[in-house]
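Beneath this line is the structure, given in structure tokens, with notes to follow.
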Amino acid sequence: MKIINDFFMSRNSRRGFTMIELLVVLAIIGLLVSLILVSLGSIKARSRDVRRVVDIDVFIKALNLYNNSFSVYPIYDGYITGEDPLSDALRNSSVLSSIPLDPTNKQVGSIIYKYDYFSDGTNFQIQYCMETDSVPNTNQGCGNYARP
């Protein structure tokens, strides 16, 4: 038994990890964390794009309900902010109780992530910008239009 104890507890045996082993493990962990963070960023962008498509669908349905009631679409040309004439018209007519805004709702670089509405009363258009091309029937960037 003494021989086995001496073998495992000898002064020459290692009592931990070397600095190189620790650095290798830390480098691997850092690489894995960075890969996870990058993939989470793209997942968040795709989820914001899905929300944009759902919001536009809500607007289309609300505007068609408004048109059924008043035989005209709300006349407005500008960004949907929640405090604009379009938002007021949809809230006052009880078509929408809360106005959906773009999930980003700000300018990022040269791209303005806000819903842009135009109507002359007979037709309407809503322009919106997408961060990815992961949602079917949409393109990355601005220029995605919703029409009735």
Side-chain angles (χ1 to χ4, degrees), residues 8-10 12-148:
F8 285 111
M9 301 302 280
S10 70
N12 295 334
S13 68
R14 297 181 356 195
R15 291 189 173 174
F17 299 105
T18 65
M19 184 62 80
I20 293 174
E21 290 171 331
L22 289 174
L23 290 174
V24 168
V25 169
L26 287 175
I28 291 171
I29 290 172
L31 180 66
L32 291 174
V33 167
S34 66
L35 289 174
I36 290 171
L37 290 176
V38 167
S39 66
L40 283 178
S42 67
I43 290 170
K44 287 181 179 181
R46 285 186 290 192
S47 80
R48 285 190 298 267
D49 283 347
V50 169
R51 177 160 169 223
R52 287 179 180 104
V53 171
V54 170
D55 287 350
I56 297 304
D57 189 49
V58 166
F59 273 119
I60 290 171
K61 290 176 181 174
L63 289 165
N64 286 329
L65 284 172
Y66 186 93
N67 188 21
N68 285 342
S69 297
F70 301 103
S71 300
V72 67
Y73 293 108
I75 298 172
Y76 176 63
D77 183 9
Y79 292 116
I80 300 171
T81 63
E83 302 299 323
D84 54 85
L86 169 67
S87 301
D88 292 340
L90 293 176
R91 267 195 304 269
N92 292 338
S93 66
S94 300
V95 173
L96 280 178
S97 58
S98 66
I99 305 301
L101 301 176
D102 186 276
T104 305
N105 201 32
K106 63 182 177 180
Q107 183 170 347
V108 178
S110 62
I111 299 176
I112 299 173
Y113 289 103
K114 293 186 176 189
Y115 303 135
D116 191 15
Y117 174 83
F118 168 77
S119 177
D120 59 1
T122 58
N123 293 306
F124 71 87
Q125 287 184 347
I126 301 175
Q127 181 181 7
Y128 56 104
C129 299
M130 300 288 277
E131 296 177 61
T132 68
D133 58 357
S134 62
V135 180
N137 301 322
T138 62
N139 299 318
Q140 183 177 4
C142 299
N144 295 288
Y145 290 95
R147 295 185 177 122

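Everything numeric in this text was worked out from a predicted model, so none of it was measured. Every heavy atom of this structure was used, including side-chain atoms; hydrogens, water molecules and symmetry mates were not.
- With values rounded to the nearest 0.5 angstrom, Leu86 atom CG is found 9.0 Å from Thr81 atom OG1.
- Atoms OH and OG1, on Tyr145 and Thr138 in that order, are 15.0 Å from each other to the nearest 0.5 Å.
- The two residues Pro100 and Val58 make their nearest non-hydrogen contact at CG-CG1, 4.2 Å.
- Counting only heavy atoms from C-beta outward, the side chains of Val54 and Arg51 never approach each other to under 4.5 Å.
- A 4.5 Å side-chain heavy-atom check between Val135 and Val50 finds at least one atom pair inside the cut-off.
- For the atom pair CD1 of Ile56 and CD1 of Ile80, the computed distance is 6.5 Å after rounding to the nearest 0.5 Å.
- Using a 4.0 Å cut-off between a side-chain N of Lys or Arg and a carboxylate O of Asp or Glu, Arg52 and Asp49 qualify as a salt bridge.
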Test log, rule side-chain contact (heavy atoms from CB on, under 4.5 Å), inputs Asn105 and Tyr79: CA-CA 10 Å; Asn105 201 32; Tyr79 292 116; over 6 Å; no
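- The two residues Gly143 and Gln127 make their nearest non-hydrogen contact at N-NE2, 3.3 Å.
- Looking at residues two or more places apart in sequence or on another chain, you find a side chain to side chain contact (heavy atoms under 4.5 Å, CB included) between Val25 and Ile29.
- Closest approach of Ala62 and Leu90 over heavy atoms only: O-CD2, 4.3 Å.
- Among pairs with a residue in residues 30-130, those fulfilling disulfide (SG to SG under 2.5 Å) read Cys129-Cys142, at least two apart in sequence or across chains.
- Between the side chain of Arg48 and the backbone N or O of Asp102, no donor-acceptor pair lies under 3.5 Å.
- Residue-environment remark: CD1 (Ile20) stays at or below the threshold of 12 foreign heavy atoms within 6.0 Å.
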Criterion side-chain contact (heavy atoms from CB on, under 4.5 Å) on Ile99 and Phe59, from CA distance to verdict: CA-CA 9 Å; Ile99 305 301; Phe59 273 119; 3.8 Å; yes
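- Ring pair Tyr128/Tyr115 is perpendicular by interplanar angle, where above 60° counts as perpendicular and below 30° as parallel.
- Of the inter-residue distances, the one linking Phe70 atom CZ with Leu65 atom CG reads 11.0 Å to the nearest 0.5 angstrom.
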side-chain contact (heavy atoms from CB on, under 4.5 Å) assessment of Leu63 paired with Tyr117: CA-CA 11 Å; Leu63 289 165; Tyr117 174 83; 3.7 Å; yes
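- A donor-acceptor pair is defined here as one N or O able to donate and one able to accept, closer than 3.5 Å; no such pair exists between the side chain of Asp57 and the backbone of Ile60.
- The CG atom of Leu23 sits 6.5 Å away from atom CG of Leu26, with the distance rounded to the nearest 0.5 Å.
- Under the ring pair (Phe, Tyr, Trp, His ring centres under 6.0 Å) criterion, Tyr76 pairs with no residue at all, not counting sequence neighbours.
- Of all the heavy atoms in Ser119 and Asn123, the pair that sits closest is OG-O, 2.7 Å.
- Between the side chain of Gln107 and the backbone N or O of Gly109 there is at least one donor-acceptor pair closer than 3.5 Å.
- Between the OG1 atom of Thr132 and the NZ atom of Lys44 there is a distance of 15.0 Å, given to the nearest 0.5 Å.
- Between Glu131 and Ala45, the shortest heavy-atom distance links the atoms OE1-CB, 3.7 Å.
- The shortest side-chain heavy-atom distance between Met130 and Val53 falls under the 4.5 Å cut-off.
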Derivation of the side-chain contact (heavy atoms from CB on, under 4.5 Å) call for Asn64 and Tyr73: CA-CA 8 Å; Asn64 286 329; Tyr73 293 108; 3.0 Å; yes
